[in-house]
Every structure is written in structure tokens, then in C-alpha cells.
Amino acid sequence: MNTSPVTFSEDQATAFDSVAEMLRGAGVDMEDALLTPMRDKGAGVMAVIGKAGSGKTMLLAELYKALEQAGVEVVSGDYESRKRKDKRTLAILAPTNKAASVLRLRGVPATTIHRILYTPIYDPEYQRIADWLAGGGERPTIEGLTDQALDRAIAFYSKNKSIPGALASAGLRGSDFITGWARREDPLDIGFVDEASMLDEKQFNDLQEIFPNLLLFGDPAQLAPVNQSGSMVFDTLAAPRKLELSRIHRQDSDNPILDLAHALGDPQLEFQDFERMIEDAAKRDERVVWGQRVEVDLMARSPVLVWRNVTRIKLINAFRSVHEAPTDSLLPGEPLICDGIELPLKHRKKRLDLEARGLIKGAQVIYLEPGRKAGFSRLHVMGAEDPQVSAASIVKIEMPDEEEPFIPFAARMGATFLHGAAVTIHKAQGSQWDTVQVFAPDLFVAARVGRIEAGQPLWKRLAYVAITRAQNRLIWVVRNRLSKPTYKLRIDDLRSAAVAPLTLEKED
């Protein structure tokens, strides 16, 4: 984690002070490190909003550090210490695995909303190790675990603050120490939610039930959740409870991608003018590319972003064709997107098992190989803390001009997947990739349609979300062409960890 001093801008400092005052009213004084027990009523909801690069994540990280230094305990989705009346806790959440992993890479111990709604049930023997790691118990003696294994666990935990990761370093797997998952019944304390623009009303209501002190971080320029009339959950908050960051910090380092994103705020800007800006930027800076074709080598890990579903399906089938993928199976390394869980109510526990391991709707997954039983797949869940699983799967590959998808194989029930070589811009929200390809002909169609969403031309919202998914490099693809692959699909870089079994029924 970067420990160098942080200098706040004026709007960040104001937001920090406002949040500190909110938490002080709830009994958490970060300045004097004074904590009083939780009260019956919390401070409610506050939001920090700002466009990409305005410093929201930096502010979130500094608030987390200040709370930790004040003695507030961080609660993860993998472990929660025993309750004490005087304990104050913080949970840092994101809607998707990928969004949570972006925070974790910056030293912030984030987890998904789902992992907080459902808590793990530990085997009592291994609960003692978890308590010891978190500082709440004596060093345990566990049959089958050597002192060296426990030393590895505590060394890992001191650096990473991950109980499952520490136990894995001791030679244990999730299936060894987590026996199940239960819906959370008791409320927590303080909740930080990143990418709050993705929240729908149900998620927001669930979070308010759990967290009496809730702080949202969101981008008002992104696309609102589907079926929510173009609004975001923080739109209705009054001004004192909605803090806006206006300065663009990442532009200080001359970031051409963010320059383009914020140019979209000009109400006079037309689509053709914006494309000229991209073309000019590509001539000046290698971080922006004026692409004449879709680069197929990138699609396996970084999907092409499109607006129309028909475009998505065509690109997926082109990707499979150039890789000579068989019609009746998947190639190792093909990307998938989780489309939900298909299970009857009596298998509720199995649904929780699957979702807790990261197989939630919208999760990006890489197919590794078939399981030992028909319908099972071995998978790598991108961004998950324990990414490799074996699960009963239903894989659907949509075909152009066909109403029903092609299903190369399927279990009777389990996690359902669509192909992930291309995704809609809506589904890409909350994720970031090093390099992003945006399929510009789709956005041209959106501009021609002339649709307005929340007072803004739809094409501008689409373009803003799409290009801000790029961390370092943006490829603006202007022609409907696909390159030939320069190498085969690979999985060797994903297989450093053992695949943990997670199945609906025992494999043969």
C-alpha cells in the first residue's frame, strides 16, 4: 500500500470533513480516535459523487485508513469476529467482483455486496484460526497443521488482511473451513459502497437495513440501472448529504482518456466532433488508438464494448470462428459472463455457495476445462479473491438470426453463462480493464437514434461509460472488421492455484 502523504484538493478536504462530522455524530471520532458504542439510530445516508478521475477512490481509501487507525474493525465477506458491545465496524463494498478487485489492488479491503448480505459459517476448528489471525484469540493447536503452516498464515494475513488467503497459505481450501452461508440477520455499522451508480432500489434498501451509517461513492455521468427511469439512488439526497467532487485529479498527469471523457460534458459536442477529437488524440498519444478493426487477441480477457445486442452476438461468433472453436464444446480460455443461477428453492444453500464464490450475475469468468462429470465446468472467476471453482454450468452461446441459443453442454441446474468476448456497455459498468476496445459503429447508431436519457444524449452516456472502463489504453474501433489471432487462447497464467470443488452434486 502507498504510505506517502496525501494532499487533498479543496473539494476533497471539504468532503472528508463532512463525512468525519457525519461519523462523529454516530459515535466515531476519527480525529481523536474516540469510539463510543453503536446507537439505536445511525447517521443515515451520505453520498460522494464525481466524474471519473475526480478522486472518489482516493478519498474512500483515506477515510478507510483514518477509520482503521481510530480503531474501527474492518468486516469482510469472508470473516467477522465475535460481537462486542463496544466494537465499531466498517465494511467496504462494490456491486461486482471486478469493482471490488480494483479497490483491493489499491490496498482497500473491499468485498461484494452479496458477500456481506450472506455470511460464511466456519467449521469450529478453523474458526479458532480465524479468531487468532484477527487478534481475538490465542495461537491455536490444530491437528494436521504444523507451526510452519500457521506462521505462513499469520505472515500472509499481516500483509493482506484476508482470512481465506491466510488459510490457503497454510494449505487449506475454502471447502475445508467454510461449511455454508447464511443470510445476515443482525445489522452492521458503517458501510462504504463504491460504484453506487450501479445500485438499484432493492439493493439500496437492503443496504440501508444493514448499515445505519452508509456512505455511497458514485459517478452521476454513468448509465442508470436498467428499469430505474434513468435515475440513481443518490439523486434524491438533499445537498448537505450529497457532496460533489469537481476537480479532475487524474488529468493532472495528462490523461488523454479522461480528457475525452470529460469533453462529453459539452452540450454542443456532436458525435462527429467527438470522433475527430479521438482521432487527433490518437496522433498525439499512444494511449488512444484509432482502430481499423477489432483486435481478437484482446477479446479473451477484455471484452469489446457495444451498445446493441445484435452486434454483441455477431462479434462473439466471429471470435469463436477465428479461433476455430468447435460447435459442441468450449475451448480452454474462452471468456464467459455469468447470467445468474438456475436453481429451485429447495437448493437455496447451493445457490448461496455459488454466489458466495463470485458466480453472481455479470461476473466475468474464464473457462478452463470440463469437469469430471457431464455439465460441470472448471472456471476462473476474474477479480474474485478465491477465483478457481468447479461448478455445475449451463452455457448458452447465442447465434445470429436464431431465437434460441446454442447450448454446447449443460447440467440439469446450476450457474448459467453467456459468452463474454463482447458485452454491452451497460453490463461493463463497475469493471475496468487495462485496454478497452469500444465498437464505435454502435455508438454512431445511438447518436442517429437521438435518444435522450436523464437529460443527456444516450450516445454520450454510452461513450462516457465505455471509455472510462479503460485504465491505460483506449482503442476506438471504427470499422466492422476482426483481426486474425496471433496466438491461441491461453489459461496457463490462471492456473497457479488449485481448483476448489464447488458442485451441486458429487462428481464421479
Side-chain angles (χ1 to χ4, degrees), residues 6 8-23 43-64 92-96 99-100 102-103 106 108 110 113 190-201 203-205 207-208 211 213-226 228-252 255 257-258 261-267 425-426 428-432 453-456 460-469:
V6 171
F8 283 150
S9 63
E10 184 176 345
D11 55 1
Q12 282 180 314
T14 299
F16 188 99
D17 291 343
S18 297
V19 173
E21 182 63 29
M22 163 191 165
L23 294 176
V45 182
M46 181 176 278
V48 177
I49 64 173
K51 291 185 178 181
S54 60
K56 298 186 298 298
T57 302
M58 172 186 169
L59 179 62
L60 185 157
E62 293 306 308
L63 285 165
Y64 148 65
I92 304 167
L93 315 175
T96 66
V102 170
L103 288 174
R106 301 186 184 193
V108 178
I113 293 171
I190 303 166
F192 289 177
V193 185
D194 198 24
E195 297 287 354
S197 54
M198 296 176 64
L199 295 179
D200 58 31
E201 290 292 345
Q203 290 172 315
F204 185 45
N205 291 335
L207 290 168
Q208 289 182 93
F211 295 102
N213 309 293
L214 188 61
L215 183 60
L216 310 177
F217 294 82
D219 186 338
Q222 290 198 16
L223 295 158
V226 179
Q228 203 156 291
S229 304
S231 64
M232 298 174 185
V233 295
F234 47 72
D235 286 344
T236 58
L237 294 178
R241 289 270 166 168
K242 187 162 62 173
L243 314 169
E244 185 162 4
L245 304 181
S246 55
R247 178 181 169 189
I248 308 304
H249 295 266
R250 279 192 281 164
Q251 279 187 313
D252 291 346
N255 187 323
I257 298 172
L258 286 176
H262 290 277
L264 289 162
D266 180 358
I425 294 169
H426 267 96
Q429 286 195 128
S431 295
Q432 284 190 308
E453 185 175 289
Q456 177 102 346
K460 288 188 176 182
R461 281 185 172 268
L462 292 167
Y464 177 87
V465 171
I467 66 180
T468 54
R469 300 310 91 202

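In this text, all values refer to a predicted model and were calculated from it rather than measured experimentally. For the single chain, residues carry numbers from 1 onward in sequence order.
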Which atom names give the shortest non-hydrogen contact between [X] and [Y], and what distance separates them?
X    : Y    : value
R241 : L237 : O-CD1, 3.8 Å
L216 : A196 : CB-CB, 3.7 Å
D219 : A52  : OD2-N, 3.4 Å
A100 : A94  : N-CB, 3.6 Å
S246 : D11  : N-OD2, 2.8 Å
Q456 : L264 : NE2-O, 3.7 Å

How long is the span from the [atom1] atom in [X] to the [atom2] atom in [Y], to the nearest 0.5 Å?
X    : Y    : atom1 : atom2 : value
T96  : M198 : OG1   : CE    : 5.0 Å
L223 : M232 : CG    : CE    : 7.0 Å
I49  : D235 : CD1   : CG    : 7.5 Å
M46  : M22  : CE    : CE    : 6.0 Å
F234 : L215 : CZ    : CG    : 12.0 Å
K460 : D266 : NZ    : CG    : 6.0 Å

I'd like to know if the side chain of [X] reaches the main chain of [Y], judged simply by a donor and an acceptor atom lying under 3.5 Å from each other, with no hydrogens or angles considered.
X    : Y    : value
K56  : K51  : yes
R461 : Q222 : yes
Q203 : D200 : yes

Worksheet item: Partners of N213 by side-chain hydrogen bond (donor to acceptor under 3.5 Å, both in side chains), sequence neighbours excluded?
Response: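 By the side-chain hydrogen bond (donor to acceptor under 3.5 Å, both in side chains) rule, N213 matches D189.
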
Fill in: E21: salt bridge (Lys or Arg N to Asp or Glu O under 4.0 Å) partners, not counting sequence neighbours
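Result, salt bridge (Lys or Arg N to Asp or Glu O under 4.0 Å) vs E21: R24.
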
Worksheet item: Less than 6.0 Å separating the ring centroids of F192 and Y64?
Response: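 So the answer is no for these two rings.
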
Item to complete: For side chain to side chain contact (heavy atoms under 4.5 Å, CB included), just list the numbers for I92 and L60, CA-CA rounded to whole Å, side-chain angles, deciding distance to a tenth of an Å, and then say yes or no.
Response: CA-CA 9 Å; I92 304 167; L60 185 157; 4.0 Å; yes

Item to complete: Would you check, one step at a time, whether the test side chain to side chain contact (heavy atoms under 4.5 Å, CB included) holds for I113 with L199?
Response: CA-CA 10 Å; I113 293 171; L199 295 179; 3.4 Å; yes

Fill in: Pair T14-F8, side chain to side chain contact (heavy atoms under 4.5 Å, CB included): steps then yes or no
CA-CA 9 Å; T14 299; F8 283 150; over 6 Å; no

Worksheet item: Is V108 close to D194 at the side-chain level, that is, under 4.5 Å between some pair of heavy atoms?
Response: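 Side-chain contact under 4.5 Å: no.
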
Worksheet item: Can you check whether T57 reaches F217 side chain to side chain, under 4.5 Å on heavy atoms?
Response: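 Side chain of T57 against side chain of F217, heavy atoms only: no contact under 4.5 Å found.
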
Practice prompt. Might you work through the side chain to side chain contact (heavy atoms under 4.5 Å, CB included) test for F204 and V45, ending with a clear yes or no?
Written response: CA-CA 10 Å; F204 185 45; V45 182; 4.2 Å; yes

Worksheet item: Picking from L93, I190, L207, what satisfies side-chain contact (heavy atoms from CB on, under 4.5 Å) with L214?
Response: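 The side-chain contact (heavy atoms from CB on, under 4.5 Å) with L214 is passed solely by L207 among L93, I190, L207.
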
